[in-house]
Amino acid sequence: MSYVQRGAAYARDSRYITTRITADGRDGFVVEPGRYRLVVSRACPWAGRAVIVRRLLGLEKALPMAVAGPTHDGRSWRFDLDPGGRDPVLGIERLQEAYLARDPGYDRGITVPAIVDVPTGKVVTNDFAQITIDMSLEWAAYHREGAPALYPPALRAEIDAVNEAVYEEVNNGVYRAGFAGTQEAYSSAYERLFAHLDRLTERLSASRYLVGDTITEADVRLFTTLVRFDAVYHGHFKCNRQKLAEMPVLWAYARDLFQTPGFGDTVDFDHIKRHYYLVHEDINPSGIVPCGPDLSGWLDPHGRAALGGRPFGDGTPPGPVAPEEAVPSGSSPLSP
């Protein structure tokens, strides 16, 4: 499977299934605890957003989660972490089966996160940007007591503006560099990425969080790229002006979030590295997965509390991760 189109710049296929699950069921799917299954891979930054938001809001019981393995082939993500290689609830081996159940002629990306309607076995949506917003707004009746306001009304316009720039220049920017098919496309992507990281450095030098004085949806979206930066994007995607660990403000900001319950305790560095280095065979034909980087620095003091801010606002941190959802031992500096 080829990810780099020689002679061309990278363009993401953004044709997602945009059906929404809402409190009033206006798209035909009403919020209902236990009815749906959130399918993720811990390797994927887009899915990582949904895992974090689900945990911060306490939706674990209302929206059960299926975790696919870290690698896939042309036929999609596999449930190879489960006994018999099948998701125990959906009964399928590959996520592709749920997409084809929705549309037998489906010809777009089979991506995570995806939410599957369990009774029918059909994918409802894979619109990753809307999924986390709807977790905040449409699933509010099932939030845990003390859940933070990740998308507060007074800050939504600013959050949306920050998210748009971060998506274009950072979240997708690393992919434009990594999957560039020409030197010119790569150089342009590289310059754009680090120019925006410099702007974020300036913004975060005086503010603990991206928008307001609490964690919001904007911080979740930036974090999932930053946490993968040194492990894969710096080397594998050639985003190598500096490592994250060499950018003091962003490194401290990322450590602050990593050490906040709901963030670092969802991150599986083993899955992250295996996905990028094994799946992108045209970039890494040897299939060798790096041993590094050293992960212990993620637990170093960050000093960001001196900037003020209240991580959860008037809310509270989420409780411990349920044993069945814990990141495996050795896959994170936070895992036992």
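We count residues from 1, following the sequence as given. These figures come from a predicted structure and were not determined experimentally.
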Classify the side-chain pair [X]/[Y] by whether it contains a donor and acceptor separated by less than 3.5 Å.
| X | Y | answer |
| --- | --- | --- |
| Gln183 | Ser187 | yes |
| Thr19 | Asp27 | no |
| Arg176 | Ser188 | no |
| Arg144 | Thr316 | yes |
| Arg49 | Asn171 | yes |
| Thr22 | Asp24 | yes |
| Tyr151 | Asp160 | yes |

Whether the side chain of [X] engages the backbone of [Y] through a donor-acceptor N/O pair (distance < 3.5 Å, no angle test) should be reported.
| X | Y | answer |
| --- | --- | --- |
| Arg208 | Ala306 | no |
| His236 | Tyr276 | yes |
| Tyr253 | Thr201 | no |
| Lys273 | Gly292 | yes |
| Arg42 | His271 | no |
| Asp265 | Gly262 | yes |
| Glu217 | Ile159 | no |
| Arg102 | Val124 | yes |
| Glu325 | Ala322 | no |
| Arg54 | Leu63 | yes |

Tell me whether the count of non-hydrogen atoms from other residues, nucleotides or ligands lying under 6.0 Å of [atom1] in [X] goes above 12.
| X | atom1 | result |
| --- | --- | --- |
| Glu32 | CD | yes |
| Asp13 | CG | yes |
| Lys243 | NZ | no |
| Glu324 | CD | yes |
| Gln259 | CD | yes |
| Arg15 | CZ | yes |

Report yes or no: do [X] and [Y] belong to one cluster of Ile/Leu/Val/Met/Phe/Trp/Tyr joined by side chain heavy-atom distances under 4.5 Å?
| X | Y | result |
| --- | --- | --- |
| Val30 | Ile133 | no |
| Val31 | Val118 | no |
| Tyr190 | Phe237 | yes |
| Val116 | Met65 | no |
| Val40 | Leu90 | no |

How are the rings of [X] and [Y] set relative to one another: parallel (under 30°), tilted (30 to 60°) or perpendicular (over 60°)?
| X | Y | result |
| --- | --- | --- |
| His275 | His72 | tilted |
| Trp298 | Phe258 | tilted |
| Tyr167 | Trp46 | tilted |
| Tyr233 | Phe229 | perpendicular |
| His280 | Phe179 | perpendicular |

Show your working on side chain to side chain contact (heavy atoms under 4.5 Å, CB included) between Leu204 and Tyr209 and close with a plain yes or no.
CA-CA 7 Å; Leu204 290 165; Tyr209 303 112; 5.7 Å; no
Step-by-step side chain to side chain contact (heavy atoms under 4.5 Å, CB included) determination, Phe29 to Thr125:
CA-CA 10 Å; Phe29 293 91; Thr125 180; over 6 Å; no
With rounding to the nearest 0.5 Å, note down the distance linking [atom1] in [X] to [atom2] in [Y].
| X | Y | atom1 | atom2 | result |
| --- | --- | --- | --- | --- |
| Asp230 | Asn240 | CG | CG | 11.5 Å |
| Ser329 | Asp270 | OG | CG | 11.0 Å |
| Tyr16 | Phe128 | OH | CZ | 4.0 Å |
| Gln96 | Ile110 | CD | CD1 | 4.5 Å |
| Gln242 | Leu250 | CD | CG | 9.0 Å |
| Tyr277 | Arg274 | OH | CZ | 14.5 Å |

Just checking Tyr3 against Tyr175, ring centres under 6.0 Å apart?
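So the answer is no for these two rings.
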Under 6.0 Å between the ring centres of Tyr99 and Tyr106?
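They qualify: ring centres under 6.0 Å apart.
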For Asp117, which of Arg37, Arg35, Lys122 qualifies under side-chain hydrogen bond (donor to acceptor under 3.5 Å, both in side chains)?
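Of the listed options, the one satisfying the test is Arg35.
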Please determine whether salt bridge (charged side-chain N to carboxylate O under 4.0 Å, His left out) holds for the pair Arg20 and Glu138, giving the CA-CA distance in whole Å, both sets of side-chain angles, and the decisive distance to 0.1 Å.
CA-CA 9 Å; Arg20 293 175 63 189; Glu138 304 296 334; 3.6 Å; yes
Of Leu210, Thr260, Asp256, Ile52, the residue whose pairing with Ile215 passes side chain to side chain contact (heavy atoms under 4.5 Å, CB included)
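The residue from Leu210, Thr260, Asp256, Ile52 that satisfies side chain to side chain contact (heavy atoms under 4.5 Å, CB included) with Ile215 turns out to be Thr260.
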Step by step, would you call Leu95 with Asp87 a side chain to side chain contact (heavy atoms under 4.5 Å, CB included)?
CA-CA 9 Å; Leu95 182 56; Asp87 179 78; over 6 Å; no
Arg241/Asp198 under salt bridge (charged side-chain N to carboxylate O under 4.0 Å, His left out): CA gap, chis, key distance, verdict:
CA-CA 12 Å; Arg241 189 189 78 178; Asp198 288 342; 2.8 Å; yes
Under 4.0 Å between a side-chain nitrogen and a carboxylate oxygen: does that hold for Glu168 and Arg192?
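Counted as a salt bridge, because a side-chain N and a carboxylate O are separated by less than 4.0 Å.
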Report the C-alpha distance between Glu202 and Val249 in whole Å, list the side-chain angles of each, state the deciding distance to 0.1 Å, and finish with yes or no for side chain to side chain contact (heavy atoms under 4.5 Å, CB included).
CA-CA 8 Å; Glu202 184 176 356; Val249 171; over 6 Å; no
Kindly determine whether Asn126 and Thr111 satisfy side-chain hydrogen bond (donor to acceptor under 3.5 Å, both in side chains), including the steps that lead there.
CA-CA 7 Å; Asn126 67 338; Thr111 62; 2.9 Å; yes
So Arg94 and Asp73, salt bridge (charged side-chain N to carboxylate O under 4.0 Å, His left out) or not? Walk me through it.
CA-CA 10 Å; Arg94 296 171 184 266; Asp73 56 19; 2.8 Å; yes
